[in-house]
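Each remark here refers to the structure printed beneath this line.
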Amino acid sequence: MHIAVSAAGDDGVTLTELDEAGRPGGAPVSVPREAFAEAVSEREPGSPRWVWDDTRRWYPGLLEAGVVVERCVDLRLNHVILKNSAATADSELALAPASAWDVPSDWAPQAASDALFELGALRGRRPEEGADPIEEFRRQRSAVAGSADPNRLSLLLAAESAGALIAVEMEFAGLPWSAERHNELLEGLLGARPHPGQRPARMQALLGDIRFALADPSANPDSPVELVKSLRRAGIDVTSTNKWELQRHEHPAIEPLLAYKKLSRLLSANGWNWIDAWVNDGRFRPVYVPGGVVTGRWASDGGGALQLPHQVRGAVVADPGWLFVVADAAQLEPRILTAMSGDRAMAAAGHDRDLYDGIVASGAVDTRAHAKVAMLGAMYGATTGESGRMLPKLERAYPRAIRFVEEAARAGERGEVVSTHLGRSSPRPPVEWRQQQDDAQQEGADEPLLAAAKTARRSWGRFTRNFVVQGTAAEWALSWMAGLRGRLARLGPGLPLAQRPHLVFFLHDEVMVHTPAELADAVAAEVRAAAEDAGRLLFGGLPVQFPVTVATVESYDQAKG
DNA sequence: ACGAATTGCGCC
DNA sequence: AGGGCGCAATTCGT
């Protein structure tokens, strides 16, 4: 059963039962905002699917009232998918002009301070006209029903909506974070916390080494422009200060300089200021943004949640009596490519073992490192270097897989749209791109113009090449996590989220569950089972495995990393 | 002086 | 001539 949730006046909520096609069934029921959570929890035993415009708008309040929602339809996220999908291109929804449903969520993130939250409540609330959730739900059901493969799209929409629930739940629970342990890690690497504007001792010492090695007492590694000048004066022929270029040179200044930059990065991105800004009551609460990346990956807003450096992962510490179950999907993207392309040779290479080892065992390349760089290159569109050299070997052994990504690249170069397995489609190239290609076709187009157009064409091809793999991997990961979420709920039936195993972190192909220690083994089993489910859901009977590595740990740095 | 763009690097 | 991001600090542009 579906129940639509919509705002009624300033401070009420209307609940309307809907049938499968999205038509209203019984009479709508209006309740005051204060009674909303209770009204939802009363319905829970029958587990309806809650249909609402924006999970971030409705769900935080429910969680605070102790209500965990089992299933939902996030109309805004699903709208974006259907609006862009090639599978629903001729639907009423896709053909309609832009509306309130095309505007990104502006509901105040839960992580905002109270003061900001109050401010957000006063402004930034869009008018509701043209945004009737019941009407939108009907349009979405109709678009899916009229597509060539409603099952795949339905799965995608369900997974995306489950992700929206999980994102809010992870913000609600927070990632357990020991500020004390973090401080110890920083002190070990940098020295004691300095006064504002001062360098930590370890960086100050390295600065001395750099200046000595360059024979330049005023060298300033914090300024790329000045640093390039200093390096060139010392006879080091660089044009930029990035790590890649610096590493190629042999000079006593290079090593301390790279060490300095590494520490400088740690200090500015995840140093003491970061702790002050982001850790409260032993929890790090970033804002996750489902669907924040065009490929369907999540993005995050604030705190750099999806870029936590390995250096500080030791500060992610489970509560006393609790543990983390950390799991990641092994070689996810190559396996996704294997399944999408139906490459049986590659499926065999990855059967019951590390896929890269299997590629070596097949004789295609000589080392695991070569297999890995060649596969990544194939999926990213590398043409030069080691990766480019390995590619022909890979293509001889696995022609179907390699041709699959090549096809996606050629389509992009022609300006076409490509789609993931479940039907999320790539954006069309920007109008300037189209214009540039057209200009290059004109008679008398000069050489620089032709070259620039070709560069842009290849670049868009690399994007579409990667889109199909990265996007389908995101679909698998969402399905995995959504299934795991349901399984975790059954490990602690009726318990509030924070008192039973719950997800606390998600990083593209990796999940982390915070669990009472005695349930850790059960959680690990659910993680594996959910991964098997995800493979079956997306690819049915194809003989492609999606193994996961699972570690039960007290702190994040103990997971393989 | 200020906002926009760039650089550099962290994650997958 | 290698895909997708977010963030801080520097540098550019007006």
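So you know, we letter chains A, B, ... as the sequences are listed, proteins then strands, and number each from 1.
Of the possible donor and acceptor atoms, one in the side chain of A/Thr464 sits under 3.5 Å from a partner among the backbone N and O of A/Gly461. In terms of modelled atom types and a separation under 3.5 Å, the side chain of A/Asn84 and the main chain of A/Val80 share a donor-acceptor contact.
In this structure, A/Asp222 CG and A/Leu227 CG are separated by 9.0 Å, a value rounded to the nearest 0.5 Å. Here A/Leu175 contributes atom CG and A/Arg283 contributes atom CZ; the two are 8.0 Å apart, rounded to the nearest 0.5 Å.
Looking at A/Trp274 and A/His182, their side chains come closer than 4.5 Å, going by heavy atoms from C-beta outward. Proximity of A/Thr55 to A/Arg76: side-chain heavy atoms (C-beta onward) are nowhere separated by under 4.5 Å.
Within the structure, the salt bridge (charged side-chain N to carboxylate O under 4.0 Å, His left out) test picks out the following pairs touching residues 172-195 of chain A (sequence neighbours left out): A/Arg181-A/Glu184, A/Arg193-A/Asp276. Within the structure, salt bridge (charged side-chain N to carboxylate O under 4.0 Å, His left out) contacts touching residues 374-396 of chain A (residues at least two apart or in different chains) do not occur.
Of the N and O atoms on the side chains of A/Asn242 and A/Ser240, at least one donor lies less than 3.5 Å from an acceptor on the other residue.
Note: CH2 (A/Trp460) to C1' (C/dG4) measures 12 Å, nearest angstrom. Rounded to whole angstrom, the span from the OH atom of A/Tyr288 across to the P atom of B/dC12 amounts to 14 Å. If you take CH2 of A/Trp278 and C1' of C/dC7, they are 11 Å apart, rounded to a whole angstrom. For the pair A/His508 NE2 and C/dG4 C1', the interatomic distance rounds to 8 Å; values are reported in whole Å. Taking atom CG of A/Leu332 as the reference point, atom P of B/dC12 lies 13 Å away to the nearest angstrom. Atoms CD (A/Glu333) and P (B/dC11) sit 17 Å apart, rounded to a whole Å. The separation between A/Leu227 atom CG and B/dC9 atom P is 11 Å, rounded to whole Å. For the pair A/Arg199 CZ and C/dA9 P, the interatomic distance rounds to 13 Å; values are reported in whole Å.
Within residues 372-404 of chain A, no residue approaches DNA chain B, by heavy-atom distance under 4.0 Å. Within residues 466-479 of chain A, the residues approaching DNA chain C are A/Asn466, A/Gln470, by heavy-atom distance under 4.0 Å. Within a heavy-atom distance below 4.0 Å of DNA chain C, the residues of residues 239-269 of chain A found are A/Arg265, A/Ser268.
Shown here is A/Arg428, whose CZ atom has no more than 12 heavy atoms of other residues, nucleotides or ligands within 6.0 Å. Other residues, nucleotides and ligands contribute only 12 or fewer heavy atoms inside 6.0 Å of the NZ atom of A/Lys372. The neighbour count for A/Arg202 CZ, taken as heavy atoms of other residues, nucleotides or ligands under 6.0 Å away, does not exceed 12.
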Could you run down the sub-3.5 Å N/O contacts of the protein with nucleotides 1-3 of chain B?
none

Every protein N/O lying under 3.5 Å from an N/O of nucleotides 12-14 of chain C:
none

Might you list the N or O atoms of the protein lying below 3.5 Å from N or O atoms in nucleotides 4-6 of chain B, with each pair's distance?
none

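Of the side-chain N and O atoms in A/His310, one or more sit less than 4.0 angstrom from OP1 or OP2 of B/dC11. Between A/Thr295 and the phosphate of C/dG3, there is no side-chain N or O to OP1/OP2 separation shorter than 4.0 Å. For the OP1/OP2 pair of C/dG4 and a distance below 4.0 Å, the side-chain nitrogens and oxygens of A/Arg297 include no atom meeting the criterion.
The A/Pro224 side chain lies nearest to B/dG8 when the options are B/dG8, C/dC7, C/dG3.
Under the 4.0 Å criterion applied to side-chain N and carboxylate O atoms, A/Arg410 and A/Glu406 are assigned as salt-bridge partners. Salt bridge status for A/Glu171 with A/Arg56: present, with a side-chain N to carboxylate O gap under 4.0 Å.
Taking the side chain to side chain contact (heavy atoms under 4.5 Å, CB included) definition, one finds that A/Ala397 meets it with A/Ala364, sequence neighbours left out. Remark: A/Phe546 pairs with A/Trp476, A/Phe539 by the ring-ring contact (aromatic ring centres under 6.0 Å, His included) rule, at least two apart or across chains. For A/Arg485, the salt bridge (Lys or Arg N to Asp or Glu O under 4.0 Å) partners at least two apart in sequence or on another chain are A/Glu169.
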Which atom pairs, one a donor and one an acceptor, fall under 3.5 Å between side chains of residues 453-460 of chain A and the rest of the protein, sequence neighbours left out?
| unit_1 | atom_1 | unit_2 | atom_2 | d |
| --- | --- | --- | --- | --- |
| A/Thr455 | OG1 | A/Ala451 | O | 3.0 |
| A/Arg457 | NH1 | A/Gln437 | OE1 | 2.9 |

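Nucleic acid contact class of A/Asn270 (heavy atoms, under 4.0 Å, all strands): none.
Between A/Ala474 and A/Arg297, the shortest heavy-atom distance links the atoms CB-N, 3.9 Å.
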